[in-house]
Amino acid sequence: MRPALYLITVVGLSACTQTSSGNAVSETDLQGSCEALVSAETGVGPKDVSAISTRSEPTGSVTTLSVAGAQAPWLCMSDPFGVITGVQYSQEG
């Protein structure tokens, strides 16, 4: 019975030692989430919103998106864990 208990304990504790990078969202997933959110915010269909680039910063990421009919790109900000914190049009008006 002890070997089984030991195995359960080791497996349980190994889950606690995962690095924060294991919790990070992939760039592709982040861009997809940003595209969906900007599509909903603008009322433009999902096919007409596409990520141009994603720039990582110490405080999170900024994804730049192209939206059909918009004169300037939209921006999608996220925290270091990939949680979207906001979207905004990059041009005033």
Q | Minimum heavy-atom distance Leu75-Leu65, with the two atoms named | A | C-CD1, 4.4 Å
Q.
I'd like to know if Val62 and Val49 are part of one continuous hydrophobic network [Ile/Leu/Val/Met/Phe/Trp/Tyr, side-chain heavy atoms within less than 4.5 Å].
A. no
(Q) Taking Leu30 as the starting point, is it possible to reach Leu37 by hopping between hydrophobic residues whose side chains are less than 4.5 Å apart? (A) yes
Side chain [X], main chain [Y], donor-acceptor under 3.5 Å:
| X | Y | answer |
| --- | --- | --- |
| Tyr89 | Ala72 | yes |
| Thr85 | Met77 | yes |
| Ser90 | Trp74 | no |

Q) Going through the checks in order, is the side-chain contact (heavy atoms from CB on, under 4.5 Å) test met by Val87 and Cys34? A) CA-CA 8 Å; Val87 296; Cys34 285; 5.8 Å; no
Q.
Filter on side chain to side chain donor-acceptor pair (under 3.5 Å), then keep only pairs touching residues 34-56, sequence neighbours left out; what's left?
A. Gln31-Thr54, Thr54-Thr63, Arg55-Glu57
